[in-house]
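What follows is a set of notes on a single structure, which appears directly below.
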Amino acid sequence: MKIPVGVLGATGAVGQRFVQLLEGHPWFEITDVAASDRSAGKPYREACTWRLASAPPAAVAGLTVKTVEGPFAAKLLFSGLDSSVAGEVETALARKGHAVVSNSRNHRMDADVPLLIPEINPEHLAAVELQRKKTGGGYIVTNPNCSVIGLAMVLAPLHKAIGLESVAVVTLQALSGAGYPGVASLDVADNVMPFIGGGEEEKIEAEPLKILGGFEAGAFIPASLRVSASVHRVAVSDGHTMAAFLRFKKKTSTDEARRLLADFRGEPQARKLPFAPERPIHVLDECDRPQPRLDRDRERGMAVSVGRVREDGPFGLKLEALVHNTIRGAAGTAILNGELLKERGLLP
Ligand SMILES: NC(=O)c1ccc[n+]([C@@H]2O[C@H](COP(=O)([O-])OP(=O)(O)OC[C@H]3O[C@@H](n4cnc5c(N)ncnc54)[C@H](OP(=O)(O)O)[C@@H]3O)[C@@H](O)[C@H]2O)c1
């Protein structure tokens, strides 16, 4: 018997990834799909304009789309809801006893909500108990912004072993990060947009501090480093590329940094969770990698690729990183979060 799960915002870019990635999952089975009133009441195959390769799995295509009010058979709900509605909807569902694993920004910085990357901060799951005291059982767990997931994966082993003082990052973000239809083609063809709305830079500057920080005596303690971000939308379908400049608290070498990145493992690897990549970070040797088209699907899109780790005069060290924004950067990490909740006995 598999564990029933629901997908909120199932018709959107992230929702479709959930549906695609959960096909054949060894533990989870989609029993509920929900979206806006525009989609509710229709079979999923009609409500959703499928924009991924192949077709939606037949078992999901035939499900009737519900409104986000439910009721849902599944206790575990993956959310890819638009942020205009995610905040209130996710709170209401947690109060009804659901475990909501969300991609939306609304609750990421809440004082009792884990901002979880299972390889980095699984101890933050202790915050779930604070929510359960209020709800009696349900809770919200969030995963970070899509660029932040790639960035934090790179920063975590370096910060833990050496200590980071400050980070500057320039992102080149894929079109699918804006959902569908996203950016107008006439804005982005033959062009680079040096702005992404919705507080993208602020999220990249704030979220790593919560992720890399601690959870002690019932409160999150932010990590003491500073992050500066400059974001760009580029004409790439999937895969966010980042150039990161790292200033450490003590001297390090490119060899040590490469070794720390390549050796990075966490609880998902120790527990052999179904969605865990064998190696969360792949360090590449080629001088012209990573590239979105060539490297985004590494380990089924769940591994971050790092290249060009090199010394830098003003900062100390610089590198390039690439994350698949709708897999490792969204639905894939959320599924890994769900797997960790199950293994830790935290599912309602
Ligand atoms: N795209 C990415 O790479 C990415 C990465 C990380 C996080 N995120 C976050 O994930 C969330 C979804 O992003 P997306 O790119 O998948 O957006 P999207 O393609 O626009 O999909 C939004 C989903 O929310 C539903 N929705 C919209 N308004 C609603 C309402 N009033 N009530 C109920 N459902 C409603 C839509 O349903 P209908 O089809 O019925 O309108 C659709 O299923 C956002 O919060 C985004 O910031 C996205």
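The analysis underlying the following values was restricted to heavy atoms, covering all of them including side chains, and did not include hydrogens, waters or symmetry mates. Remember, predicted model here, so these are calculated numbers, not experimental data. As the structure lists them, so they are numbered: ligands from 1, and atoms in each ligand from 1.
Between Glu207 and Arg108, at least one side-chain nitrogen of the basic residue sits less than 4.0 Å from a carboxylate oxygen of the acidic one, meeting the salt-bridge criterion. We find that Asp295 and Arg298 are joined by a salt bridge, their nearest charged nitrogen and carboxylate oxygen being less than 4.0 Å apart. Under 4.0 Å is where a charged nitrogen must lie from a carboxylate oxygen, and between Glu267 and Lys272 no such pair does. A salt bridge links Lys203 with Glu200: the closest approach of a Lys/Arg side-chain nitrogen to an acidic carboxylate oxygen falls below 4.0 angstrom. In this structure, Asp297 does not pair ionically with Arg328, as no charged nitrogen and carboxylate oxygen lie closer than 4.0 Å.
Considering backbone and side-chain atoms alike, Ser84 places every N or O at 3.5 Å or more from each N or O of ligand 1. The distance criterion of under 3.5 Å between nitrogen or oxygen atoms is met by Ala13 with respect to ligand 1. By the 3.5 Å distance cut-off applied to N or O atoms, Gly9 is counted among the residues near ligand 1. Note: no N/O pair closer than 3.5 Å links Gly329 and ligand 1 by distance alone. Considering backbone and side-chain N/O of Leu81, one or more are found under 3.5 Å from N/O of ligand 1.
The aromatic rings of Phe315 and Phe245 sit tilted, their planes meeting at an angle between 30° and 60°. The aromatic rings of His25 and Phe275 sit parallel, their planes meeting at an angle under 30°, below the 60° perpendicular limit.
Taking each of Val7, Ile327, Asp37, Val14 in turn, the one with a heavy atom nearest to atom 8 (N) of ligand 1 proves to be Val14. Comparing heavy-atom distances from atom 37 (O) of ligand 1 across Val148, Thr11, Asn103, Thr49 singles out Thr11 as nearest. For atom 15 (O) of ligand 1, the choice among Gly179, Gly182, Ala10 with the nearest heavy atom turns out to be Gly179. Across Ala40, Ala330, Ala334, Ala35, heavy-atom proximity to atom 5 (C) of ligand 1 is greatest for Ala330.
Atom 10 (O) of ligand 1 is approached by the protein to below 4.0 angstrom, counting heavy atoms only. Protein non-hydrogen atoms do reach within 4.0 Å of atom 23 (C) of ligand 1.
Within ligand 1, the atoms closer than 4.0 Å to a non-hydrogen atom of Tyr180 are 19 (O), numbered from 1 in the order shown. Under a 4.0 Å criterion applied to the non-hydrogen atoms of Ser176, ligand 1 contributes the atoms 1 (N), 2 (C), 3 (O). Below 4.0 Å from some heavy atom of Thr326 lie the following atoms of ligand 1, by number and element: 3 (O). The ligand atoms of ligand 1 that sit less than 4.0 angstrom from a heavy atom of Val85 are 29 (C), 30 (C), 31 (N), 32 (N). Close approach of ligand 1 to Arg38 (heavy-atom distance below 4.0 Å) involves ligand atoms 27 (C), 28 (N), 41 (O).
Judged by a 6.0 Å distance limit and a 45° cone about the ring axis, Arg279 is not positioned over the six-membered ring of Phe264. With a 6.0 Å cutoff to the six-membered ring centre and a 45° limit on the axis angle, Arg132 does not count as a cation-pi contact of Tyr139. Annotation: cation-pi pair Lys210/Phe220 present, NZ/CZ under 6.0 Å from the ring centroid and within 45° of its normal.
Distance from atom 3 (O) of ligand 1 to its nearest protein heavy atom, with residue and atom name: Asn325 ND2, 3.2 Å.
Proximity of Arg105 to ligand 1 is not established, as no heavy-atom distance is less than 4.0 Å. Using 4.0 Å as the threshold, Ala86 has no heavy atom nearer than that to any atom of ligand 1.
Between Phe28 and Leu76 there is a side-chain heavy-atom pair separated by less than 4.5 Å.
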